[in-house]
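Inspection log for the structure reproduced underneath, given as structure tokens.
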Amino acid sequence: MRLTVIGTGYLGATHAACMAELGHEVIGVDVDADKIAALSSGRIPFHEPGLEKLLGKHLASGRLRFTTSYEEAAAFGQVHFVCVGTPQSYRSDAADVRYVDAAFAELARHAAPDAILVGKSTVPVGTARRLADAHAVEVAWNPEFLREGFAVQDTLRPDRLVFGVESERAGALLREVYALVLAAGTPLVSVDFPTAELVKTAANAFLATKISFINAMAEVCEAAGGDIGKLAEAIGHDDRIGAKFLRAGVGFGGGCLPKDIRAFAHRAEELGVSLGFLREVDAINMRRRDRVVELTRELCGGSVMGARVSVLGAAFKPDSDDIRDSPALNVAARLQLDGADVTVHDPVAMDNARKAFPLLGYALSAEEAIRGADAVLHLTEWAQYGELDPVRLTGLARTPRLVDGRGTLDGARWTAAGWDFRAPGRPAHPHAAVIKER
Ligand code: UGA
């Protein structure tokens, strides 16, 4: 089939390359000429494992190309996927749908009369209906669920496909687009427009709620002296609860969960439904950042003024260079405002971090960041940080203190090596020297 993908950000670039991998001829469209030039020469302007290889493969196979021209794309495609962003509005929690509206308007103006316009962006419920009524073209909604860091595998082998369609023809066209994915046994849920839009926001709201639930339990553990790691492990053995997304720590960030729960609560309120619990999910999440700042202060004797703080991680999660609403950088910036001298390290997100937070210090390796530190904060759980040797690093820090804001480091090991080790929701490990005294 001949497909177009409008918007070549993280979702669109991945979708375009994966559609070519499924055997289709694809044109990716973006208004940003620099992005189109980079993609046309085989470079993706962000970090996503496996994507650049797939891009190169299909630029070479001739099945994938990029353009800034809507006319060219509209004349080419039978099915047009709209993958533009829906950021949080400046004035409220609502999603800003202006890029979706503009893409549909441009496509509707140029597309063939029998073309179908498929929205993939995360939008407030009611958007598909509004667009279908506004334009004399067939509309469908096909939300995406891909995770940064796993975008290629989540697109080619998704947990499920959701088609929001109003005609047999639209459903048949989408089944043809995803024929190989469906043939591999992927479940398909065909629904109306509002349900398709809501599936996406409900899924992200559930994930955010699960993380904030476990973080709220971490708060109780802190008050009662329990261990959130063990608690999560124990409840996760129950199949009905499941062990995934129960990692307590500094909380969720990124370009999706935080803004999606706000936009969802806002939209529900417009519809007369109170989703107040999502406001609490948001509040719990933000409190976890406060808690890491507070723990650092406690560890440094009540104030971080003049302390050298090393922050391991800048991306909102590992295997990504995305720093949007990154808890790590949020904590780093707050400590700096409190008078700390903060040095950040991240394996891939340093350039983005430097642009957004030019006044923080940056180190080219974790060891360099830790050198001379009064406190080390582990805030993005990159695999390489899990492999750091606490014994070797003890002499590098000025004072060996560590806050594990992701709860993935082996506290006993760091403590045994002489580190004053703290992790939110976990009991403070007695310092090795204290154990000896007893
Ligand atoms: C999220 C969803 O997981 C995807 O299904 C969805 O398609 C995507 O948003 C989107 O709407 O486009 P993503 O933002 O890539 O994907 O990241 P997640 O893997 O969901 O992680 C989000 C945040 O939660 C990260 O900051 C992560 O560190 C944090 N997290 C995750 C925890 O704090 N604890 C956990 O147990 C899991």
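Both counts, for ligands and for their atoms, begin at 1 and track the order of listing.
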Have [X] and [Y] got a donor and an acceptor in their side chains that come within less than 3.5 Å?
{"X": "T8", "Y": "D30", "value": "yes"}
{"X": "D96", "Y": "Y90", "value": "no"}
{"X": "E144", "Y": "T155", "value": "no"}
{"X": "S212", "Y": "N215", "value": "no"}

Does the side chain of L295 come within less than 4.5 Å of P424's, by heavy atoms?
yes
Taking E197 for the side chain and A128 for the main chain, is one N or O donor matched with an acceptor at less than 3.5 Å?
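Side chain of E197 to backbone of A128: a pair is present.
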Under a 3.5 Å distance rule, please check whether T186 uses its side chain to pair with a backbone N or O of L182 as donor and acceptor.
no
Sub-4.0 Å atoms of ligand 1 with respect to non-hydrogen atoms of [X]:
{"X": "L246", "result": "36 (O)"}
{"X": "D260", "result": "11 (O)"}
{"X": "E148", "result": "15 (O)"}
{"X": "R406", "result": "28 (O), 33 (O)"}
{"X": "G251", "result": "33 (O)"}
{"X": "F252", "result": "23 (C), 24 (O), 26 (O), 29 (C)"}

Who's the nearest protein heavy-atom neighbour of [atom], and how far?
{"atom": "atom 6 (C) of ligand 1", "result": "L146 O, 3.4 Å"}
{"atom": "atom 18 (P) of ligand 1", "result": "K317 NZ, 3.6 Å"}
{"atom": "atom 5 (O) of ligand 1", "result": "F145 O, 2.8 Å"}
{"atom": "atom 36 (O) of ligand 1", "result": "R247 N, 2.8 Å"}
{"atom": "atom 26 (O) of ligand 1", "result": "F316 O, 2.9 Å"}
{"atom": "atom 30 (N) of ligand 1", "result": "I211 CD1, 3.5 Å"}
{"atom": "atom 2 (C) of ligand 1", "result": "N204 OD1, 3.6 Å"}
{"atom": "atom 20 (O) of ligand 1", "result": "F245 CZ, 3.3 Å"}

Which bit of L207 gets closer than 4.0 Å to ligand 1, counting heavy atoms only: side chain, backbone, both or neither?
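Looking at L207 and ligand 1, just side chain atoms fall under 4.0 Å.
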Select one of side chain, backbone, both or neither to describe which atoms of I214 lie under 4.0 Å from any atom of ligand 1, heavy atoms only.
neither
Residue selection (non-hydrogen contact nearest [atom]) among [options]:
{"atom": "atom 1 (C) of ligand 1", "options": "N285, L257, T201", "result": "L257"}
{"atom": "atom 10 (C) of ligand 1", "options": "A243, S121, G149, C256", "result": "C256"}
{"atom": "atom 16 (O) of ligand 1", "options": "K210, R288, R147", "result": "R147"}

Is the closest N or O pair between P327 and ligand 1 shorter than 3.5 Å?
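No; the residue has no nitrogen or oxygen that sits under 3.5 Å from a nitrogen or oxygen of the ligand.
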E219 with R288: basic N within carboxylate O range, under 4.0 Å:
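Yes.
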Is R267 close enough and on-axis enough to F264, meaning under 6.0 Å and within 45°, for cation-pi?
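Judged by the rule (NZ or CZ under 6.0 Å from the ring centre, within 45° of its axis), R267 is not positioned above F264.
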Quick one: does NZ or CZ of R160 land under 6.0 Å from the six-membered ring centre of F145, within 45 degrees of the ring axis?
yes
Determine whether the aromatic ring centres of residues Y385 and W414 are separated by less than 6.0 angstrom.
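No, the ring centres sit 6.0 Å or more apart.
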Measuring centre to centre across the rings, with the benzene-like ring taken for any Trp, is F81 within less than 6.0 Å of H15?
yes
Would N215 count as a contact residue for ligand 1, given that I'm defining contact as a non-hydrogen atom of the residue lying under 4.0 Å from a ligand atom?
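No, N215 has no heavy atoms under 4.0 Å from ligand 1.
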Y10 and F46 aromatic ring geometry - parallel, tilted or perpendicular at 30°/60° bounds:
perpendicular
